Amino acid sequence: QVQLVESGGGLVQTGGSLRLSCAASGRTFSNYAMGWFRQAPGKERELVAAINWSGGTTYYLDSVKGRFTISRDNAKNTQTLQMNSLKPEDPAVYYCTASTRRGLYLHGLSYDYWGQGTQVTVSS
């Protein structure tokens, strides 16, 4: 059974930092794309960051560029999302995702596995 388990969410003040981690089990994702989506109440789910199988190619939502960094450790079957300079528009449930394709994908339909989500809250 494939599982993606997120950790690291929580409450942080505006301008603060959080580091989200995602541990995969049941399948090796070292050859496949991974990513992070988020969904805030009343809003559509959006792709925050994506990373290809090697980590050599990444994508970021425009509003998080320069603040968030996606990375992966294929030996450990994990990925992380370092979030700095958090803003009031960043709070959401953040979801770890994994594909069974090697490229870089921007649409949720390209991802086959999803974590349960972790809440990120930013206080002013």
Side-chain angles (χ1 to χ4, degrees):
Q1 181 182 359
V2 176
Q3 281 191 314
L4 301 177
V5 180
E6 303 100 336
S7 60
L11 172 65
V12 66
Q13 288 187 328
T14 299
S17 298
L18 284 174
R19 183 178 179 88
L20 304 184
S21 297
C22 175
S25 61
R27 180 168 186 161
T28 298
F29 289 101
S30 59
N31 290 326
Y32 304 121
M34 300 186 80
W36 291 91
F37 283 77
R38 69 184 181 188
Q39 187 166 24
K43 295 186 178 181
E44 292 188 357
R45 182 180 65 188
E46 60 183 357
L47 177 64
V48 176
I51 189 166
N52 76 330
W53 70 276
S54 68
T57 305
T58 57
Y59 162 86
Y60 293 97
L61 183 68
D62 281 347
S63 62
V64 308
K65 284 181 180 176
R67 299 189 296 122
F68 291 12
T69 303
I70 188 171
S71 61
R72 65 189 298 162
D73 185 334
N74 286 340
K76 296 181 178 179
N77 217 23
T78 61
Q79 69 162 339
T80 61
L81 184 67
Q82 178 67 44
M83 305 186 296
N84 298 328
S85 302
L86 283 159
K87 298 180 178 181
E89 57 263 38
D90 294 321
V93 177
Y94 283 69
Y95 297 91
C96 169
T97 64
S99 177
T100 54
R101 304 166 181 84
R102 292 171 66 97
L104 189 72
Y105 302 99
L106 307 187
H107 198 283
L109 291 177
S110 297
Y111 293 89
D112 304 284
Y113 300 100
W114 296 76
Q116 81 287 353
T118 185
Q119 179 71 49
V120 170
T121 304
V122 180
S123 65
S124 58

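Only a predicted model underlies this, so the values are computations on that prediction, with no experimental measurement involved.
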**Message:** Applying side-chain hydrogen bond (donor to acceptor under 3.5 Å, both in side chains) as the test, list every pair that has at least one member in residues 115-124; sequence neighbours left out.
**Reply:** Glu6-Gln116

**Request:** Ignoring hydrogens and angles, tell me if any N or O in the side chain of Asn77 forms a donor-acceptor pair with the backbone of Arg27 under 3.5 Å.
**Result:** yes

**Message:** Looking at every heavy atom in both Ser85 and Arg67, which two are closest together, and how far apart are they?
**Reply:** O-NH1, 2.9 Å

**Complete:** In terms of heavy-atom contacts, Tyr105 and Ala50 come closest through O-CB, 3.8 Å

**Prompt:** Can you list every pair that meets salt bridge (charged side-chain N to carboxylate O under 4.0 Å, His left out) and has a residue in residues 97-106, with sequence neighbours left out?
**Reply:** Arg101-Asp112

**Set of residues satisfying side chain to side chain donor-acceptor pair (under 3.5 Å) with respect to Tyr32, sequence neighbours excluded** = none

**Atom pair SG (Cys22) and OH (Tyr113), whose distance is rounded to the nearest 0.5 Å** = 13.5 Å

**Item:** Gln79 side chain vs Gly35 backbone, donor-acceptor pair below 3.5 Å
**Value:** yes

**Message:** Give me the atom names and distance for the closest heavy-atom approach of Ser99 to Ser110.
**Reply:** OG-O, 2.9 Å

**Partners passing ring-ring contact (aromatic ring centres under 6.0 Å, His included) against Tyr111 (at least two apart in sequence or in another chain)** = Phe37

**Check: Thr14 and Pro88 side chains under 4.5 Å, non-hydrogen atoms** = yes

**Request:** Determine the minimum heavy-atom distance between Gly103 and Ala33, stating which atoms define it.
**Result:** O-CB, 3.1 Å

**Prompt:** Which pairs count as side-chain hydrogen bond (donor to acceptor under 3.5 Å, both in side chains) when at least one residue sits in residues 40-50, sequence neighbours excluded?
**Reply:** Arg38-Glu46

**Asked** Considering residues at least two apart in sequence or located in another chain, which fulfil the side chain to side chain donor-acceptor pair (under 3.5 Å) criterion with Asp73?
**Response** none

**Asked** Does one hydrophobic cluster hold both Val2 and Met34, with members joined at side-chain heavy-atom distances below 4.5 Å?
**Response** yes

**Message:** With a 4.5 Å cut-off on side-chain heavy atoms, are Trp36 and Cys96 touching?
**Reply:** yes

**Item:** Shortest non-hydrogen separation from Pro91 to Ala40 and the atoms involved
**Value:** O-CB, 3.7 Å

**Item:** Under 3.5 Å: donor-acceptor pair, side chain of Asn74, backbone of Asn31
**Value:** no

**Request:** Rounded to the nearest 0.5 Å, what's the gap from CG on Leu86 to CG on Leu11? Could you check?
**Result:** 10.5 Å

**Asked** Should Trp53 and Leu106 be regarded as members of a common hydrophobic cluster, given that ILVMFWY residues are connected when their side-chain heavy atoms come within less than 4.5 Å of each other, either directly or indirectly?
**Response** no

**Fill in**
By ring-ring contact (aromatic ring centres under 6.0 Å, His included), Phe68 pairs with (sequence neighbours left out) none

**ILVMFWY network linking Val120 to Val5, side-chain heavy atoms under 4.5 angstrom** = no

**Asked** Residues in ring-ring contact (aromatic ring centres under 6.0 Å, His included) with Tyr95, at least two apart?
**Response** none

**Message:** Rounded to the nearest 0.5 Å, what separates atom OG1 in Thr69 from atom CE in Met83?
**Reply:** 11.0 Å

**Sequence-distant partners of Ser21, side chain to side chain donor-acceptor pair (under 3.5 Å), two or more places apart** = none

**Complete:** The complete set of salt bridge (charged side-chain N to carboxylate O under 4.0 Å, His left out) pairs with one or both residues in residues 9-23, sequence neighbours excluded, reads none

**Complete:** Residues Gly55 and Arg72: closest non-hydrogen pair is N-CD, 4.0 Å

**Message:** Does anything in residues 80-89 form a salt bridge (charged side-chain N to carboxylate O under 4.0 Å, His left out)? List the pairs, not counting sequence neighbours.
**Reply:** none

Which pairs would a plain distance check flag for residues 57-65, meaning a side-chain donor or acceptor within less than 3.5 Å of a matching protein atom at least two apart in sequence or in another chain?
unit_1	atom_1	unit_2	atom_2	d
Tyr60	OH	Ile70	N	2.8
Asp62	OD1	Lys65	NZ	3.0

**Message:** Applying a strict under-4.5 Å side-chain criterion to I, L, V, M, F, W and Y, I'd like to know whether Leu18 and Leu4 cluster together.
**Reply:** yes

